[in-house]
Number of protein chains: 2
Amino acid sequence: MIRVVLAEDQSMVRGALASLLGLEPDIEVVGEAANGDEAVEVAEATRPDIALLDIEMPGRDGIAAAEELRRRVPGCRVVILTTFGRPGYLRRAMEAGAVAFLVKDSPARDLAAAIRRVLRGERVIDPGLAAAALSAGPNPLSPRERDVLSAAADGSTINDIALRLHLSEGTVRNYLSAAIQKTAARNRIEAVQKAQAQGWL
Amino acid sequence: MIRVVLAEDQSMVRGALASLLGLEPDIEVVGEAANGDEAVEVAEATRPDIALLDIEMPGRDGIAAAEELRRRVPGCRVVILTTFGRPGYLRRAMEAGAVAFLVKDSPARDLAAAIRRVLRGERVIDPGLAAAALSAGPNPLSPRERDVLSAAADGSTINDIALRLHLSEGTVRNYLSAAIQKTAARNRIEAVQKAQAQGWL
DNA sequence: CCTCCGCGATGACAAATGTCATCGCGTGCG
DNA sequence: CGCACGCGATGACATTTGTCATCGCGGAGG
């Protein structure tokens, strides 16, 4: 039996995925988690063959959990299952040690197939997505530019951001201006959206 | 047997939900759809007891599909299953004739339970969400204010919006200003976010 | 050693944005 | 009828935002 731990924050989706995997005769869901921290705990306790992780989760996200799992549960292979096939996500997931990257709008039967392929030692990545990740290149934003752009994402004014990050207003404007240039956007809103679409944020 | 049509754009989630419902001895998934238009077609062809609809889908969304279904397949009860429990969504879903409103982060077993309750003629709505919808009050934005705010959501400049909606720049600024006041925001970005959080957009 | 780069800051400037008062037009409602 | 309200527009104004040049500091790397 292939032993799987499942991490996904929406519990109805989590339950549905568990039932989907339960249909497979050679797969057994041995643990469930609603966020990245839980995923690590459950995996440490159950030592599964596979950890199936969503990315967008409250608290520690799936990518951070993957990194932690590599250290704490070395025998466990990480499969990422995410809504958004963003190039930056794929890149970070691979760097965090994931061996497969699936998007939720691929067919349901791909999931079990991917798990079996991973068990045979293969990596499973959508070819189109891999190409997009390579052609998009690495994240051009410096760490600080990322901080400032993220802080701008919720509609904060320059002043808010300056206070929150302990910077002067001018500095914030400079970082935002740089981020706007690097994302080829026309204002901070477009910059935030383009960066998010790439998975840079 | 309770005959169900399932509409959800992410095909892995759709398949997983189908398998979840398949576990129930008295429920049968007789059709699947990836968007609202398909949902209406499939429901017309199969005449199910229940249409289980996601809201966020490409093309016609779940709420619009509910409205159409009420006319075209009168015997079919609509259950909305959505990621976001936004007050405005609930309100619109009810106005469109839905009899149940579930969010995806409630437990998986609630789904079949809700379907059975609907079949007995009950309405199924999360009490907390119902309270939020009532306390939030109706959408304060005029139709045109909604248009302009939606057009601003993607980072478009005033000029872009004016061209797209065939308005003068001054008019666009006036509408945006009004929307900012009504949402108690400090700029258009906050206004967009607050409006989206309420399901007003 | 020197250079590049990221970080943080300042000042000046142009452009975009948000606010307000005011106007006309039409529609619905008491 | 008179009134309120949504729609569309204009002009003026203050504020915010985006851009640019320039500075200093420190670490990494040829």
Side-chain angles (χ1 to χ4, degrees), chain A residues 88 91-92 95 136-201, chain B residues 88 91-92 95 136-201:
Chain A
R91 182 180 293 264
R92 280 192 276 154
E95 286 166 6
N139 188 338
L141 301 174
S142 79
R144 220 57 182 130
E145 285 163 358
R146 258 199 325 264
D147 293 342
V148 173
L149 197 57
S150 305
D154 63 343
S156 295
T157 164
I158 300 262
N159 207 304
D160 294 342
I161 303 171
L163 292 176
R164 190 150 15 126
L165 300 186
H166 309 291
L167 291 174
S168 93
E169 297 194 17
T171 303
V172 172
R173 292 203 296 199
N174 288 339
Y175 279 125
L176 274 180
S177 183
I180 291 168
Q181 310 297 331
K182 289 185 179 177
T183 53
R186 288 173 304 169
N187 53 52
R188 74 176 73 181
I189 317 177
E190 269 191 9
V192 166
Q193 302 207 329
K194 289 196 177 191
Q196 280 175 338
Q198 294 292 326
W200 287 341
L201 172 168
Chain B
R91 182 179 294 262
R92 280 192 275 154
E95 286 166 6
N139 188 339
L141 301 173
S142 79
R144 219 55 182 134
E145 285 163 359
R146 256 198 327 263
D147 293 342
V148 173
L149 198 57
S150 304
D154 64 344
S156 295
T157 164
I158 299 263
N159 207 304
D160 294 342
I161 303 171
L163 293 175
R164 197 158 1 136
L165 300 186
H166 309 290
L167 291 173
S168 93
E169 297 194 20
T171 303
V172 171
R173 292 204 294 199
N174 288 341
Y175 280 126
L176 275 180
S177 183
I180 291 169
Q181 310 298 330
K182 289 185 178 177
T183 52
R186 288 173 305 169
N187 54 51
R188 73 176 74 179
I189 317 177
E190 269 191 9
V192 166
Q193 302 207 327
K194 290 196 176 191
Q196 280 174 339
Q198 294 292 328
W200 289 341
L201 160 169

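Every chain is numbered from 1, with letters handed out A, B, ... down the list of sequences.
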Given [options], identify the nucleotide with an atom nearest to the side chain of [X].
X	options	value
A:Arg144	D:dC20, D:dG8, C:dC7	C:dC7
B:Ile158	D:dG6, C:dT17, C:dA12	C:dT17
A:Ser177	D:dT19, D:dC7, D:dT10	D:dT19
B:Ile180	C:dG8, C:dG18, D:dA9	C:dG18
A:Thr171	D:dA9, C:dA9, C:dG18	C:dA9

Whole-Å distance between [N] [atom2] and [X] [atom1]?
X	N	atom1	atom2	value
A:Arg173	C:dA12	CZ	P	12 Å
B:Glu169	D:dG8	CD	P	16 Å
A:Arg188	C:dA15	CZ	P	19 Å
A:Leu176	D:dT16	CG	P	15 Å
B:Asn139	D:dG6	CG	P	12 Å
B:Leu165	D:dC7	CG	P	12 Å
A:Glu190	D:dT17	CD	P	17 Å
A:Arg146	C:dC7	CZ	C1'	14 Å

Exercise. If you pin A:Asn187 and B:Ser168 to their nearest nucleotides in DNA chain D, which one's is more 5'?
Worked result: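 Mapping each residue to its closest nucleotide by heavy atoms, the 5'-most match is B:Ser168.
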
Exercise. Looking only at N and O atoms, is any donor in the side chain of B:Asn174 or the base of C:dT22 less than 3.5 Å from an acceptor on the other one?
Worked result: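 Side chain to base: no pair below 3.5 Å.
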
Exercise. Where the side chain of A:Arg92 meets the backbone of A:Gly199, is there a donor-acceptor pair that is under 3.5 Å apart?
Worked result: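 Answer holds: yes.
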
Exercise. So does A:Ser142 get a side-chain nitrogen or oxygen closer than 4.0 Å to the phosphate oxygens (OP1/OP2) of C:dC5?
Worked result: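 Answer no for this pair, as no side-chain N or O of A:Ser142 is under 4.0 Å from OP1 or OP2.
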
For this session: Pick base, sugar-phosphate or nothing for A:Gln181, based on heavy-atom distances below 4.0 Å to the nucleic acid.
Result: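 The answer is sugar-phosphate, as A:Gln181 gets under 4.0 Å only of primed atoms, P, OP1 or OP2.
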
Problem set entry | Non-hydrogen atoms of A:Leu141 and A:Arg146 that approach each other most closely |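 So the two residues come closest at O-NH1, 3.8 Å.
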
For this session: State, to 0.1 Å, how close B:Gln193 and A:Ala153 come at their nearest heavy-atom pair, and which atoms those are.
Result: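 Closest pair (atom of B:Gln193, atom of A:Ala153, distance): NE2-O, 3.0 Å.
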
For this session: Determine whether A:Thr183 and A:Glu190 make a side-chain contact, defined as any pair of heavy atoms from C-beta on separated by less than 4.5 Å.
Result: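 Not touching, per the 4.5 Å side-chain cut-off.
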
Problem set entry | Any donor-acceptor N or O pair under 3.5 Å, side chains B:Arg186, A:Thr157 |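 Their side chains do not contain a donor-acceptor pair, so the 3.5 Å distance test is not met.
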
